[in-house]
Amino acid sequence: MISYKKIIGILSAIYVIGFFFKLLYNFTSKIYASLLQANGAKKPKGDLMRHYETMFIVKPTLSDEEREKVVENIKNVITQNGGEVVAVDNIGVRELAYPIEKFERGHYYIIYYKAPAEAVLELERQMRYNEDLLRFMTVKYETKKDIKRWEEMVKNVQ
């Protein structure tokens with residue numbers, strides 16, 4: 001019969017071996033990526049610039065300067081994380097379908113941008129903690145047909 005201590009010892013050894021292989025994998029993948037880039041190869045697939053659209057609703061009680069500051073902060077998050085803001089559409093104040101935080105109206109914006117996936121994750125994290133935003137939604141355009149439609153929408157904004 002195997003004792004409880006032996007089972008714990010075996011599980012600990014398996015955990016340590018798994019942790020070691022995870023470290024080894026991360027280390028070798030970083031070396032491989034840097035070697036590819038040093039030899040002039042294309043960036044890994046994770047660094048692709050995808051087409052996105054983020055719609056967000058700002059509280060209607062904010063002044064024009066405060067709203068512009070919120071939009072500038074969002075644009076800065078995108079550019080600081082390797083993205084490119086293509087267009088910003090100020091839709092204006094509209095009535096909400098249902099009250100959000102006791103507001104019945106909100107100021108709508110849509111930002112069209114190209115960015116890697118990490119930038120979108122950081123943008124959504126920052127927007128989640130922004131008290132001036134009522135809601136937000138991000139849409140990724142993947143297919144050629146979708147990207148063509150995205151480009152048409154950007155032309156209509158500019």
Side-chain angles (χ1 to χ4, degrees), residues 18-19 21-158:
F19 182 75
F21 279 115
K22 184 177 179 182
L23 285 176
L24 184 64
Y25 172 76
N26 288 338
F27 179 71
T28 55
S29 62
K30 287 179 184 177
I31 290 175
Y32 179 70
S34 64
L35 288 175
L36 284 177
Q37 289 177 355
N39 292 330
K42 292 182 180 179
K43 290 183 177 179
K45 189 173 183 177
D47 292 343
L48 288 176
M49 298 282 275
R50 304 272 185 202
H51 296 76
Y52 295 95
E53 154 190 320
T54 297
M55 187 277 302
F56 56 95
I57 307 170
V58 180
K59 289 182 178 178
T61 57
L62 298 179
S63 68
D64 291 339
E65 296 85 27
E66 291 171 325
R67 275 196 316 268
E68 289 303 316
K69 185 179 176 187
V70 169
V71 173
E72 283 301 316
N73 286 342
I74 291 171
K75 288 165 61 174
N76 287 339
V77 170
I78 294 169
T79 55
Q80 289 172 356
N81 289 287
E84 171 192 351
V85 176
V86 179
V88 178
D89 189 6
N90 181 352
I91 297 174
V93 178
R94 292 196 169 189
E95 192 169 327
L96 302 172
Y98 55 90
I100 302 173
E101 298 178 17
K102 298 185 180 178
F103 291 108
E104 295 190 8
R105 298 175 88 50
H107 203 100
Y108 284 72
Y109 286 92
I110 298 177
I111 294 186
Y112 298 96
Y113 57 98
K114 299 176 186 176
E118 297 82 21
V120 177
L121 291 174
E122 178 63 20
L123 174 66
E124 289 185 346
R125 187 185 73 79
Q126 297 264 343
M127 291 175 93
R128 220 173 278 120
Y129 297 118
N130 191 335
E131 293 180 0
D132 296 329
L133 299 179
L134 298 175
R135 291 283 188 272
F136 67 90
M137 180 178 74
T138 301
V139 178
K140 178 170 77 170
Y141 293 88
E142 295 183 277
T143 65
K144 290 181 182 180
K145 184 178 179 181
D146 289 343
I147 292 172
K148 186 175 180 181
R149 179 70 183 130
W150 181 88
E151 290 169 350
E152 290 173 8
M153 289 188 290
V154 167
K155 285 180 187 176
N156 291 338
V157 170
Q158 296 174 346

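Values reported hereafter were calculated over all heavy atoms of this structure, with side chains retained and with hydrogens, waters and symmetry mates removed. The chain is numbered in sequence order, starting from 1.
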Who are the ring pair (Phe, Tyr, Trp, His ring centres under 6.0 Å) partners of Tyr108, not counting sequence neighbours?
none
How far does NE2 of His51 sit from CE of Met153, to the nearest 0.5 angstrom?
10.5 Å
Looking at side-chain heavy atoms only, is the closest gap between Met49 and Pro116 below 4.5 Å?
yes
Minimum heavy-atom separation for Thr79 and Asn76, please, with both atom names.
OG1-O, 3.1 Å
Is Ile110 close to Val88 at the side-chain level, that is, under 4.5 Å between some pair of heavy atoms?
no
Could you give the distance from OG1 (Thr138) to CD (Glu53), rounded to the nearest 0.5 Å?
9.0 Å
When you measure from the side chain of Glu124 to the backbone of Leu121, do you find a donor-acceptor pair of N or O atoms at a distance under 3.5 Å?
no
Quick one: does Asn90's side chain get under 4.5 Å of His107's, heavy atoms only?
yes
Should Val70 and Leu133 count as side-chain neighbours, where that means a heavy-atom distance under 4.5 Å?
yes
Would you compute the distance between atom CZ of Arg135 and atom CD of Glu101 and round it to the nearest 0.5 angstrom?
7.0 Å
Tell me whether Lys155 is salt-bridged to Glu152, with the criterion being a basic N under 4.0 Å from an acidic carboxylate O.
no
Rounded at 0.5 Å granularity, tell me how far CG in Asn130 sits from CD1 in Ile74.
6.5 Å
Tyr112 and Val85, any side-chain heavy atoms less than 4.5 Å apart:
no
Do the non-hydrogen side-chain atoms of Val154 and Asn156 ever get within less than 4.5 Å of each other?
no
With salt bridge (charged side-chain N to carboxylate O under 4.0 Å, His left out) as the rule and sequence neighbours excluded, what pairs involving residues 73-82 come up?
Glu72-Lys75
Distance col, row Glu95:CD vs Arg105:CZ, nearest 0.5 angstrom, shows 5.5 Å
Backbone N/O of Tyr52 and side chain of Trp150: donor-acceptor pair under 3.5 Å:
yes
Heavy-atom check, side chain of Glu118 versus side chain of Asn81, under 4.5 Å:
no
For Lys140 and Glu142: C-alpha separation, side-chain torsions, deciding distance, then whether salt bridge (Lys or Arg N to Asp or Glu O under 4.0 Å) applies.
CA-CA 6 Å; Lys140 178 170 77 170; Glu142 295 183 277; 3.4 Å; yes
Any side-chain heavy atom of Phe103 within less than 4.5 Å of one from Leu134?
yes
Under the side chain to side chain contact (heavy atoms under 4.5 Å, CB included) criterion, do Met127 and Phe56 qualify, and how do the steps go?
CA-CA 9 Å; Met127 291 175 93; Phe56 56 95; 3.6 Å; yes
Could you walk me through whether Arg125 and Glu122 pass the salt bridge (Lys or Arg N to Asp or Glu O under 4.0 Å) test, one step at a time?
CA-CA 5 Å; Arg125 187 185 73 79; Glu122 178 63 20; 2.8 Å; yes
Walk me through whether Ile91 and Asp89 qualify under side chain to side chain contact (heavy atoms under 4.5 Å, CB included).
CA-CA 6 Å; Ile91 297 174; Asp89 189 6; 4.1 Å; yes
Closest approach of Val58 to Arg67 (non-hydrogen atoms, all atoms of both residues):
CG1-CG, 3.8 Å
Kindly compute the distance separating CE (Met137) from CD1 (Ile57), expressed to the nearest 0.5 Å.
9.0 Å
Set out, in order, the CA-CA distance, both residues' side-chain angles and the distance that settles side chain to side chain contact (heavy atoms under 4.5 Å, CB included) for Glu66 and Thr61, then state yes or no.
CA-CA 10 Å; Glu66 291 171 325; Thr61 57; over 6 Å; no
